[in-house]
2 protein chains.
Amino acid sequence: MPRGGARLGAGRPKGQGKYREPTKPIRIPESLLGGVMEFISTEGYNLPLYSCAVQAGFPSPADDHIEGKLDLNKYLIKHPTATFFVRAAGDSMVNAGIHSGDILVVDRSLEAKHGKIVIAAVDGQLTVKRLHKSKKDTYLMPENDNFEPIKFEENSEVVIWGVVTNVLHQV
Amino acid sequence: MPRGGARLGAGRPKGQGKYREPTKPIRIPESLLGGVMEFISTEGYNLPLYSCAVQAGFPSPADDHIEGKLDLNKYLIKHPTATFFVRAAGDSMVNAGIHSGDILVVDRSLEAKHGKIVIAAVDGQLTVKRLHKSKKDTYLMPENDNFEPIKFEENSEVVIWGVVTNVLHQV
DNA sequence: ACTTTTGAATATTGTACGATATTCTAATTA
DNA sequence: TAATTAGAATATCGTACAATATTCAAAAGT
């Protein structure tokens, strides 16, 4: 004998799947499969960002500190095709907060303006310096008194690779 | 009349597709579709890492500086489910390379050992300090002479949230 | 002999579909 | 009347499949 029957609200409810939301099948290159799986399982590496800043009003519980969610790749990399990293060596830029071993995020698509910290190839060697432009000359300035400025000649072997946007320091 | 015919090597060659390699269809939650697309188009945000370090032998062209490829999320986040970020405020840790406005990567799964920089909630307020453990006492030490150490009592309102692994500084 | 045309062969790709999982309610049972 | 059960309804998921794209070389044309 029949049981159940036509009625409103029968059937499996939406959002009961593995991801609690609808999905779409798309094709993934095999080499990126693992990465995509991880990307999904971490929800796109969107991790919470809290704030140390003093809150208005009375001292508040933990949740009130939350500022939002952050994906480091999206936060640090504005132009994926124009970005690369450089591992800093030496202490010529400690005053700018760049220590030996730090990873520098470099954007090749940004204009190398006066005052920006840039990566330059000098004599086939990569160096990180602050760009100092005046009406007459352009210099690559270290931020450490033990090092000498490098004069930037138009037809010299000095090539600016890109502008440093962030420093990743290991504590 | 028939043309062509059975023969070796006929047909579309492998690796001619959009991704130059075989693909597999998998289901993606709709909310992550955009992120996954971006992830694929940037090949998993794997960007080149160059080295400033002095190379052995004669000055070398650009390619010789390459150290490999780097995905920031993988590099900075070892335990995705236990990691969160904190935006630093104030100057109490400048000597440790932490400036106001920096993003701190915090791993909740690491043990807060002596000497580690930690995020702690003190009076409902998040602060970043260096953990100083001696036989008798535990202190939260600022790395700036203008600030006072905070004594860590077992039953106090001080709770350690996690260990700072990296500092992301904007130049 | 060289060029062009044409169908065969095979990789690629988006999506339709069968199988499964889950939940609801009416019918049945205690 | 309350607890249980079976069938209906519908979302979900992996993958098979049809349609497409691309290349190759034999046949036809010049």
Side-chain angles (χ1 to χ4, degrees), chain A residues 1-49 63 66 68-84 108-109, chain B residues 1-49 63 66 68-84 108-109:
Chain A
M1 270 130 239
R3 319 229 179 162
R7 85 216 81 111
L8 221 61
R12 183 178 185 171
K14 277 190 182 181
Q16 293 304 116
K18 206 193 306 186
Y19 302 120
R20 327 293 290 170
E21 63 171 308
T23 60
K24 261 185 87 69
I26 67 171
R27 284 188 172 272
I28 307 287
E30 280 181 2
S31 68
L32 294 177
L33 253 183
V36 169
M37 295 296 202
E38 208 161 13
F39 186 88
I40 292 175
S41 70
T42 59
E43 290 172 83
Y45 281 101
N46 261 291
L47 302 180
L49 168 63
D63 288 345
I66 196 154
K69 297 268 195 164
L70 203 61
D71 174 357
L72 289 184
N73 278 333
K74 289 214 188 88
Y75 173 71
L76 294 169
I77 301 173
K78 299 294 190 287
H79 306 109
T81 56
T83 297
F84 59 94
R108 192 200 303 276
S109 69
Chain B
M1 270 128 237
R3 320 228 178 164
R7 86 218 78 111
L8 221 61
R12 182 178 187 171
K14 276 190 182 180
Q16 293 303 116
K18 204 191 310 184
Y19 302 118
R20 316 240 124 219
E21 64 172 307
T23 61
K24 259 186 87 69
I26 66 169
R27 286 187 170 272
I28 307 287
E30 280 182 1
S31 69
L32 294 177
L33 252 182
V36 169
M37 295 297 201
E38 209 162 10
F39 185 89
I40 292 174
S41 69
T42 59
E43 289 173 84
Y45 281 100
N46 262 292
L47 302 180
L49 167 64
D63 287 345
I66 196 154
K69 298 266 193 167
L70 203 61
D71 174 357
L72 289 184
N73 278 334
K74 289 213 189 89
Y75 173 72
L76 293 169
I77 302 173
K78 299 293 190 286
H79 306 107
T81 55
T83 297
F84 60 94
R108 194 200 301 277
S109 70

Extract all donor-acceptor atom pairs below 3.5 Å that involve side chains of residues 26-34 of chain B and protein atoms in other chains or at least two apart in sequence.
residue : atom : partner : partner atom : Å
B:R27   : NH1  : A:T23   : OG1          : 3.2
B:S31   : OG   : A:E21   : OE1          : 3.4
B:S31   : OG   : A:E21   : OE2          : 2.7

Rounded to the nearest 0.5 Å, how far does CZ of A:F84 lie from CZ of A:R108? 5.0 Å
At 10 degrees resolution, what angle do the end axes of the helix from C:dA1-D:dT30 to C:dA30-D:dT1 form when each is taken over five base pairs? 30°
In whole angstroms, how far is the P atom of D:dT10 from the CZ atom of A:R12? 14 Å
So, do B:Y45 and B:E38 sit near enough that their side-chain heavy atoms are less than 4.5 Å apart? yes
Under 4.0 Å from any atom of DNA chain D, heavy atoms only: list the residues of residues 30-43 of chain B that qualify, in numerical order. none
For D:dT22, does either OP1 or OP2 sit under 4.0 Å from a side-chain N or O belonging to B:K18? no
For a quick test of reading the model: is some side-chain N or O of B:Q16 closer than 4.0 Å to OP1 or OP2 of D:dT23? yes
Where is the tightest heavy-atom contact between B:N46 and B:D71, given as atom of each residue plus distance? OD1-N, 3.8 Å
Sequence neighbours excluded, the answer for side chain to side chain contact (heavy atoms under 4.5 Å, CB included) partners of A:R12 is A:Q16
Residues in side chain to side chain contact (heavy atoms under 4.5 Å, CB included) with A:L47, at least two apart? B:I77, B:T83, B:F85
Within a 6.0 Å radius of atom CD on B:E43, are there more than 12 heavy atoms belonging to other residues, nucleotides or ligands? no
Determine which pairs satisfy ring-ring contact (aromatic ring centres under 6.0 Å, His included) with at least one residue from residues 6-41 of chain A, sequence neighbours left out, and list them in order. A:F39-B:F39
For A:K78, look at atom NZ and say whether over 12 heavy atoms of other residues, nucleotides or ligands are found less than 6.0 Å away. yes
Residues from residues 22-29 of chain B lying under 4.0 Å of DNA chain D - heavy atoms: B:P25, B:R27
Assert: residue with more 5' nearest nucleotide on DNA chain C, out of B:P13 and A:P13, is B:P13
Can you check the A:Y19 OH to C:dA21 P distance for me, whole Å? 16 Å
